[in-house]
Number of protein chains: 2
Amino acid sequence: MNNLGYAILSALGRKPCSGYELVQYLEALWPAKHSQIYPQLTKMEQKGLLVFEHIEQTGKPDKKICSITEKGKETLEKWVMESPSDPIMRDELLIKVNSIWLSDQESAKKIIQDRISNLEQQIVDREDIIAEMECKHRFDTMSKHFGRYLLFNRRNMLEKEEISWCKWALNFIEKVNINKLLLGMIGVGKGSILVEDMILFII
Amino acid sequence: MNNLGYAILSALGRKPCSGYELVQYLEALWPAKHSQIYPQLTKMEQKGLLVFEHIEQTGKPDKKICSITEKGKETLEKWVMESPSDPIMRDELLIKVNSIWLSDQESAKKIIQDRISNLEQQIVDREDIIAEMECKHRFDTMSKHFGRYLLFNRRNMLEKEEISWCKWALNFIEKVNINKLLLGMIGVGKGSILVEDMILFII
DNA sequence: GGATTCATGTAAGATGTTACATGATTGT
DNA sequence: ACAATCATGTAACATCTTACATGAATCC
């Protein structure tokens, strides 16, 4: 079984739900498009890890509610104990920042500023969800939602720290440019003072 | 062109290098195995984005040094200005944390403690590299290494914050368990006081 | 009237991983 | 002796994305 499969089992452990709902739930866990979810669910049903229940709806398309089976629960339980492999992050911004030397100051600053805006929006949205969790899930039902609660707080902490980095980087970029302009030293020799300046600035 | 291609161009913009070296360089930017790099380089050479230079070596296998072309530079420059798409993070740990309710306290704590160890190791390693960068790249050569310098600091900031979350989560897990044990309330009713306790603890 | 939400599925293509293949040098 | 580093490549497979396909209800 693959990670998507375990993520689905983890989601269904909380409560049974449709493939459509899974797409949303998994966004914070292991993002996947519906075109990946539905075939995966079929495979998992064939393996006996989950069962389908067909629900007819009026005014809406019919849906298939998936529930985790005993076998599914056992499979997940066994996997959870194994140590996880290294995380992988793919972010175009990193490539763009790495290429910063060939773009002008303003363009460089703009991509970072846009990132700050995106992060800020995501944080306010997530803070609403966290508040809702704290309000809605009392202790008796909290247990199954506890992990998700930890994860939402994790994301917020990391995104706030990313904003801190963005601001630090913006200041740094500005500092470098001001130095370049003031001393008229684009690529000229005695710049070693500048680097010390920059390093002082970091500390 | 795909993101891997732009990452390669970004790497080659700094200095020409072999496919083998690219694998290491790209780890912090857009990780890829050599089996993906070599065919990608061939495609990019055919498109005129880079050129190969065959270097014969004694005692070591021969290598092919790739250099970015004017067309490659222009392609990268154009792409850098476009706004990046959303980052994607895939981390098995998240699925395991989400499934925390079905593993025992000790196993749950262990996976988080292991993560802390990994992060701490990565941070000390990266701090060495950062120190080396600050030392080696004086102002005249800094420009092309500037983006990478920003990125290494970014990673360190984020990983330090992840450690903070891990420690917060460990405390939280312990707190929940102590409450469960003390009050003997596994799944029993009047737990609402506990949740308040937990929320107080977060604040 | 047009976009979004709900709801499921398939097909084609792009991207990424694991395994197979070779072979000398250097460090433990 | 054995593992790791340097160095490049292919093949098979797994994973993920984009596009095609349908269709009613609700919101702006």
Side-chain angles (χ1 to χ4, degrees), chain A residues 1-8 11-12 16-27 29-47 50-66 84-92 94-95 125, chain B residues 1-9 11-12 16-27 29-47 50-66 84-92 94-95:
Chain A
M1 264 262 296
N2 58 24
N3 290 328
L4 176 60
Y6 293 114
I8 290 172
L12 296 180
C17 65
S18 66
Y20 187 86
E21 284 175 279
L22 278 173
V23 177
Q24 281 126 62
Y25 186 86
L26 293 180
E27 230 167 278
L29 207 66
W30 192 272
K33 318 272 174 185
H34 75 271
S35 55
Q36 210 185 347
I37 301 274
Y38 292 117
Q40 181 78 32
L41 288 174
T42 309
K43 274 185 235 160
M44 289 169 74
E45 196 234 359
Q46 281 158 10
K47 285 184 190 164
L50 52 86
V51 285
F52 290 132
E53 193 198 352
H54 196 86
I55 307 279
E56 278 175 56
Q57 295 186 128
T58 47
K60 279 182 189 181
D62 294 355
K63 54 174 162 177
K64 276 161 73 180
I65 298 293
C66 315
S85 54
D86 289 335
I88 297 161
M89 331 229 145
R90 294 193 188 272
D91 190 348
E92 286 183 22
L94 304 192
I95 310 173
D125 292 351
Chain B
M1 263 263 296
N2 57 23
N3 290 329
L4 176 60
Y6 292 114
I8 290 172
L9 291 179
L12 296 180
C17 64
S18 66
Y20 187 85
E21 284 175 278
L22 278 173
V23 176
Q24 282 125 64
Y25 186 86
L26 292 180
E27 229 167 277
L29 207 66
W30 192 273
K33 318 273 175 186
H34 75 272
S35 55
Q36 210 184 349
I37 301 274
Y38 292 118
Q40 181 78 34
L41 288 174
T42 308
K43 272 184 237 159
M44 289 168 76
E45 196 235 358
Q46 281 158 10
K47 284 183 189 163
L50 52 87
V51 285
F52 291 132
E53 192 199 352
H54 196 85
I55 307 280
E56 278 174 58
Q57 294 185 127
T58 48
K60 280 182 188 179
D62 294 355
K63 54 173 164 178
K64 277 162 73 181
I65 299 292
C66 316
S85 54
D86 289 334
I88 297 160
M89 330 228 145
R90 297 198 183 267
D91 190 348
E92 287 184 20
L94 304 192
I95 310 174

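We name chains A, B, ... by the order of the sequence lines, and we start the count at 1 in each one. A quick note: this is a predicted structure, and the numbers were derived from the prediction, not measured.
- In this structure, the CG atom of A:L26 is 14 Å from the C1' atom of D:dC16, given to the nearest Å.
- For the side-chain hydrogen bond (donor to acceptor under 3.5 Å, both in side chains) test, residues two or more places apart in sequence or in another chain that qualify with A:S85 are B:E92.
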What N/O pairs connect the protein and nucleotides 17-22 of chain C at under 3.5 Å? Give each pair on its own line.
| residue | atom | partner | partner atom | Å |
| --- | --- | --- | --- | --- |
| C:dT18 | O4 | B:S35 | OG | 2.6 |

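- Going from atom CG of B:L41 over to atom P of D:dG9 covers 8 Å, rounded to whole Å.
- Look at CD on A:E21: it is 9 Å from P on C:dC6, rounded to the nearest Å.
- Distance, B:L22 CG to D:dT8 C1': 13 Å, rounded to whole Å.
- For the salt bridge (charged side-chain N to carboxylate O under 4.0 Å, His left out) test, no residue two or more places apart in sequence or in another chain qualifies with B:E53.
- Taking the screw axis at each terminus of the helix from C:dG1-D:dC28 to C:dT28-D:dA1 from five consecutive base pairs, the angle between the two is 50° to within rounding of 10 degrees.
- Taking only side-chain atoms of A:Y38, from C-beta outward, the nucleotide of D:dG9, C:dA7, D:dC6 with the closest atom is C:dA7.
- Rounded to an integer number of Å, the gap from NZ of A:K43 to P of D:dC13 is 15 Å.
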For residues 30-41 of chain A, which side-chain N or O atoms pair as donor and acceptor with protein atoms under 3.5 Å away, sequence neighbours left out?
| residue | atom | partner | partner atom | Å |
| --- | --- | --- | --- | --- |
| A:Y38 | OH | A:Y20 | N | 3.4 |
| A:Q40 | OE1 | A:N2 | ND2 | 3.4 |
| A:Q40 | NE2 | A:N2 | OD1 | 3.2 |

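- C:dT5 atom P lies 7 Å from atom OH of A:Y20, rounded to whole Å.
- Atom-to-atom, CG of B:N3 to P of D:dT17 comes out at 12 Å; the value is rounded to the nearest Å.
- Annotation: the span from A:L12 atom CG to A:L50 atom CG amounts to 6.0 Å, rounded to 0.5 Å.
- Atom CG of B:L4 is separated from atom CG of B:L9 by 9.5 Å, given to the nearest 0.5 angstrom.
- We find that CD of B:Q40 is positioned 12 Å from P of C:dA14, with the value rounded to whole Å.
- Distances from the side chain of A:N2 to the nucleotides D:dG9, D:dT15, D:dC16 place D:dT15 closest.
- In this structure, B:E45 has no salt bridge (charged side-chain N to carboxylate O under 4.0 Å, His left out) partners at least two apart in sequence or on a different chain.
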